[in-house]
Amino acid sequence: MTPVSRSAGVYALIVVLLLAAPPVISFTGQAFYLDLLTRALILAIAVASLNLIVGCGGMISLGHAAYIGIGAYSVGIPAYYEVYNGFIHLGLALACSAAFALLTGAVCLRTRGLYFILITLAFSQMLYFTLVSIDEYGADDGLLIHRRSEFGGALDLEHPAALYYAVLAALLLFLFAMHRLIHARFGRVIFGSKHNDSRMQALGFDTYKYRLACYVISGAMCGVAGFFLGNFTHFISPEMMDWTRSAELIFMLVIGGAGALFAPVTGTAAFLLLEEFLSGWTLHWHLMFGLLLIALVMFAGRGGLHGALMRLDHRPGGPGKR
Amino acid sequence: MDWHLLISQLLNGLQLGLLLFLLAAGLSLIFGIMDFINLSHGSFYMVGALVGASVAALTGSLLIAALAAVVAVFVVGAAVEWLVVCRLYNKDHLDHVLVTYGLILVFDSVARMIWGPAGAAIALPEALNGRIEIGDFVIPAYRLLIIACGLLAAAGLYFLVTRSRLGMLIRAGASNRVMVTALGVNIDRLYRIVFAIGAALAGFAGILIAPLTEAHIGMGNEIIIIAFVVVIVGGIGSVKGAFYAALLIGFIDTLGRSYLDDVLKLFLSNQSAETAAPALSAMLVYILMAGVLVCKPQGLFSAAGFNRR
Amino acid sequence: MILRVEKLNKRFGGIHAVRDVNLAVEDRQLHAIIGPNGAGKTTLVAQLSGQVKPDSGAIHFLGADITRLSGHKRARLGLARSFQITSIILPMTLLENAMLAVQSVCGHCFRFWSPLAADADVRELAMRALAEVGLEGRAGVVAAHAAHGEQRQLEVAMALALKPKLLLLDEPMAGLGKEESAAMIALLKRLKGATTMVLVEHDMDAVFALADTASVLVGGRIIATGSIGEIRANAEVQRAYLGESA
């Protein structure tokens, strides 16, 4: 299962580059790129959480942006009441997104396939429209966050490099935890249930419970991404959890290669770079983006960037990992 | 109680319900027969509105505009099925989501290139711009027309599905896909026709609403979510289920928005009722959906269960 | 008596798939359920294992009423099954498949941190289950790449790893070649006596070679039940079933 190979080398190199990025960027004086990277890493956390349910568990959620929103509002709403304690923000983000995942997951996971996709979508839109209708918290326009979460003297998120490293640390921690989780007993049950749920039930597993737990873990993890995104943008709005955001998260995951541990990082980076490049190139970049997406699915086959890397590892015709 | 307000809200609910039905009927059939999820179904709604607006501006006739819109969207729907969608039926659901999301981007940008970012408006002819007075009730004439057209389309679809050979195949397909293949039917053509009919219905809904809301880019992307809820509540593949669920949701949504604060005032203080009502009314439809899913995971009228007398 | 089924009924719309079925399976016996295609065997198995809930009737397992129990709870009680259409986790190796079954028996699986692959006990038990069906040499092969016969054997190994009180085998010979069938029959012969089994099977040679008792299902009804010798001699069975296949 663990390929120690060229692809692992590429991923290790990426981690080293990410660790070295802030000093390099500050040396070149292009602060914009640190912003872009921070944003990419925050989204990578969200995509990683999506990877846990889509890639490992086969639960295709089209409402994952809701958890980004919950995490961000967990920063924005306390800040609106002038509560800036980061531990409270983070605690709220984890607790609220886990609770929302538990409640909606309990309903969604009674169904499968297209039903599941639509119901996750509907629940995220429910949250979206609810926040749109609350004038107190800015409705459509959202709220500005004047100060970032405060963690005493330990960590000053106002400093761009500090925020960057906090995000990177969280991402690497999550990726490591996920690596442990998917190879532990719990992860094996989730993986088995993705590929053959009725067999898992016949083996005596109450797969509903395992899948729900997995869904809640994923939601809470995505809430952390929202916590960072609120802090990063100094702003919250319902638009963060619009369903097109959720679709973008899936897109990023698929570019990276759903199921592969490191796919969220490469997929998110590729997506944002593509967005930057196309929007600088043509006014109608959404058209290019859409066509590219369609072509990718219809002609490129599965595996994404990870799949391409794996082909580096294996000679043509050799047994590749799917 | 203000009876005038109630009646006008009931008519609004009926209007929303019928529009939702036009959107959801096609979605539900495509869903039930092809096991395909089309996130870009709302784009047909938008294309119908935009094409209709342009034709109306050219000819000055709303009737010609409506006909042109329906035909245009039927053709666009068939083309999309032929070019893209028919290659996806055997693929993973994840692929459906990605490709049809890509289609939304394509439709929205192409529409922006043709019609500009502002979209297009349709002026109502004099005759439809007026109000109709029944006793002391005053009803905008165009709303009545929307309702009449919606009901007509629903009746038409009902006859198509229950009385025609095509309808028999559609019903059979929604309850048992294998059987239709076994009947020796040209399945590719059936799928294309069903997809195009679904698109045309959505386009019809778009041109119906355009004189009230104007035709704008992305107009389909919000209402389509509620149409999905209708499909889930009504039961996949069931036109009848889509009809009842659409009306139910149309009424609940409209009445919730206007009366929920009054209801809440029975239990809460005035101020908290007024704060909670908008948020809660935004959630009502989804709470209904969750409730239906807990009690009947297959929806109220699932086609698979429905056809087993 | 391990399994007792009373007056089981199931209708699908107009089709009465299972009518008033009674069954009794004694400890350490191999009871076969035979019948032509469309006799309701699949529906009966689905009801015994919990995928389909009966309209009426009762299923007692080890003295407890399990009629309304979900499939995974029945498995926990010791009712293991194999599937007619091979049902394994294809991307996993044979060993990983067997380890899943083992971890189901040894306690809860809400363990998020320690890798399963490093768990020597689970691995040992899984290897033993594979050895029981003669797959120990193929442990590292990805299930999708294993031969069809091996996949069927893996099914049995996974069911055995659950240490079942009753093994429900749904057409284990389905799709097997002559040699593979013979190997499967030999395997089941080895298991016989140690494990109680219900064998749903089409292949009459296999049934006569293995079963102690049998029931004949035709049109959703049990038309005969008894020792394998009685079934072979029963005229009604000959007419309804054996005649057409001979």
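Note: hydrogens, waters and symmetry copies are ignored here, and every other heavy atom, side chains too, is used. Residue numbers start from 1 in every chain, and the chains themselves are labelled A, B, ... in the order their sequence lines are given, proteins ahead of strands.
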Chemist: Answer with side chain, backbone, both or neither: which region of A:L118 has an atom nearer than 4.5 Å to a non-hydrogen atom of chain B?
Modeler: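 For A:L118, backbone and side chain are both near chain B.
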
Chemist: What residue, out of A:V132, A:V107, A:I134, has the most heavy-atom pairs lying under 4.5 Å from chain B?
Modeler: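 Greatest number of close heavy-atom pairs with chain B: A:V107.
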
Chemist: Please state whether the side chain, the backbone, both or neither of A:V54 comes within less than 4.5 Å of a heavy atom of chain B.
Modeler: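 Only the side chain of A:V54 comes within 4.5 Å of chain B.
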
Chemist: Over all heavy atoms of both residues, which pair between A:I294 and B:V99 is shortest? Give the atoms and the distance, please.
Modeler: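 Of all heavy-atom pairs spanning A:I294 and B:V99, the closest is CG1-O, 3.8 Å.
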
Chemist: Identify which of A:G290, A:A247, A:A258 forms the greatest number of heavy-atom pairs closer than 4.5 Å to chain B.
Modeler: A:G290

Chemist: Which atoms of B:F107 are under 4.5 Å from chain A, going by heavy atoms: the side chain, the backbone, both sets, or neither?
Modeler: neither

Chemist: Tell me, side chain or backbone of B:M113 under 4.5 Å from chain A's heavy atoms, or both, or neither?
Modeler: both

Chemist: If I measure from the heavy atoms of chain A, does B:L83 come under 4.5 Å with its side chain, its backbone, both, or neither?
Modeler: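 Backbone of B:L83 only, per the 4.5 Å heavy-atom cut-off to chain A.
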
Chemist: Under a 4.5 Å heavy-atom cut-off, does chain A meet the side chain of B:I225, its backbone, both or neither?
Modeler: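 Side chain only.
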
Chemist: Please tabulate, for side-chain N and O atoms in residues 249-256 of chain A, each donor-acceptor pair with protein atoms closer than 3.5 Å (sequence neighbours left out).
Modeler:
none

Chemist: For the candidates B:V229, B:L88, B:I232, which exhibits the highest count of non-hydrogen atom pairs separated by less than 4.5 Å from chain A?
Modeler: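 That would be B:I232.
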
Chemist: Relative to chain B, which segment of A:I60 carries a heavy atom at a distance below 4.5 Å: side chain, backbone, both, or neither?
Modeler: side chain

Chemist: Check step by step if side-chain contact (heavy atoms from CB on, under 4.5 Å) holds for B:L105 and A:L287.
Modeler: CA-CA 6 Å; B:L105 296 180; A:L287 177 62; over 6 Å; no

Chemist: Of the backbone (N, CA, C, O) and the side chain (C-beta and beyond), which part of B:I104 lies under 4.5 Å from a heavy atom of chain A, both, or neither?
Modeler: side chain

Chemist: What part of A:I119 is in contact with chain B, defined as an atom under 4.5 angstrom from a non-hydrogen atom: side chain, backbone, both or neither?
Modeler: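 Both backbone and side chain of A:I119 come within 4.5 Å of chain B.
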
Chemist: Between these two chains, chain B and chain A, I want each donor-acceptor atom pair under 3.5 angstrom written on its own line with its distance.
Modeler:
{"unit_1": "B:K91", "atom_1": "NZ", "unit_2": "A:V297", "atom_2": "O", "d": "3.3"}
{"unit_1": "B:D95", "atom_1": "OD1", "unit_2": "A:R302", "atom_2": "NH2", "d": "2.7"}
{"unit_1": "B:S109", "atom_1": "OG", "unit_2": "A:L287", "atom_2": "N", "d": "3.1"}
{"unit_1": "B:N221", "atom_1": "O", "unit_2": "A:W243", "atom_2": "NE1", "d": "3.3"}
{"unit_1": "B:P278", "atom_1": "O", "unit_2": "A:S133", "atom_2": "OG", "d": "3.3"}
{"unit_1": "B:A279", "atom_1": "N", "unit_2": "A:S133", "atom_2": "OG", "d": "3.4"}
{"unit_1": "B:V294", "atom_1": "O", "unit_2": "A:R110", "atom_2": "NH2", "d": "2.9"}
{"unit_1": "B:Q298", "atom_1": "O", "unit_2": "A:Y115", "atom_2": "OH", "d": "3.2"}

Chemist: Closest heavy-atom contact between A:M298 and B:V84?
Modeler: SD-CG1, 3.6 Å

Chemist: Side chain, backbone, both or neither: which part of A:L114 has an atom under 4.5 Å from a heavy atom of chain B?
Modeler: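 Backbone plus side chain of A:L114, per the 4.5 Å heavy-atom cut-off to chain B.
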
Chemist: Count the heavy-atom pairs under 4.5 Å between each of B:L39, B:L98, B:V110, B:V231 and chain A, then report the option with the highest count.
Modeler: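 That would be B:L98.
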
